[in-house]
Amino acid sequence: MDPLERSTHSFVVRVWRERGVGRNGRDGWRGQIVHVQDNTRQSFRRLEEVSLFLAIYLIRLGVYPGHSYWLLRVLAPGFLRRVSRQK
């Protein structure tokens with residue numbers, strides 16, 4: 001296998017609009033991100049959660065994405081625990 005292929009990760013992000021799921025009954029956005037290589041899936045309600053999901057994979061690979069890692073730990077510890085349990 002090509003060394004570049006071993007260090008390449010692919011993700012599929014799906015986003016759709018749902019009626020009445022947002023604040024005050026407004027329409028809201030939902031989505032799902034899938035890591036193609038291991039089929040790990042995570043649903044999300046905010047686009048910021050996509051960045052968090054990607055940051056977790058970088059961390060698992062030993063790449064610490066700077067401030068994102070610390071923000072992840074401070075602002076979304078529940079999300080970090082939830083995704084790391086799925087692995």
Side-chain angles (χ1 to χ4, degrees):
M1 180 183 279
D2 181 347
L4 180 59
E5 284 185 39
R6 283 189 300 241
S7 62
T8 300
H9 291 261
S10 300
F11 299 86
V12 175
V13 179
R14 295 179 182 97
V15 180
W16 61 88
R17 189 175 184 177
E18 288 189 358
R19 299 210 177 269
V21 297
R23 291 184 184 163
N24 300 323
R26 293 183 180 170
D27 293 355
W29 294 96
R30 298 284 174 99
Q32 183 181 67
I33 184 169
V34 179
H35 180 248
V36 174
Q37 284 78 3
D38 66 11
N39 203 36
T40 299
R41 299 166 183 266
Q42 178 66 45
S43 297
F44 58 88
R45 293 182 183 186
R46 296 185 333 260
L47 291 178
E48 296 85 10
E49 292 180 67
V50 173
S51 299
L52 297 175
F53 186 88
L54 294 172
I56 289 167
Y57 272 90
L58 291 174
I59 292 164
R60 287 182 186 156
L61 293 170
V63 177
Y64 292 90
H67 297 10
S68 300
Y69 174 70
W70 298 109
L71 286 173
L72 178 66
R73 292 187 58 91
V74 172
L75 298 177
F79 183 83
L80 180 62
R81 282 191 301 274
R82 188 170 73 230
V83 173
S84 61
R85 269 190 304 228
Q86 294 176 357
K87 184 70 175 142

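Hydrogens, waters and symmetry mates are skipped; everything else that's a heavy atom, side chains included, is used.
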Within the 4.5 Å heavy-atom criterion, are V34 and R14 side-chain neighbours or not?
yes
Minimal non-hydrogen separation, T40 against F53, with atom names:
O-CZ, 4.0 Å
Could you pull out all residues at least two apart from R17 that satisfy salt bridge (charged side-chain N to carboxylate O under 4.0 Å, His left out)?
D27
Reported CZ-to-CD distance for the pair R45 and E18, which is rounded to 0.5 angstrom
8.5 Å
If Ile, Leu, Val, Met, Phe, Trp and Tyr residues are connected whenever their side-chain heavy atoms lie under 4.5 Å apart, and connections chain through other members, are V15 and V50 in the same group?
yes
Residue set satisfying side-chain contact (heavy atoms from CB on, under 4.5 Å) with V36, at least two apart, ordered chain then number -> S10, V12
Give the ring-plane orientation class for H35 versus F11, where under 30° counts as parallel, over 60° as perpendicular and anything between as tilted.
tilted
Output the distance between atom CD (Q42) and atom CG (L54), rounded to the nearest 0.5 Å.
11.5 Å
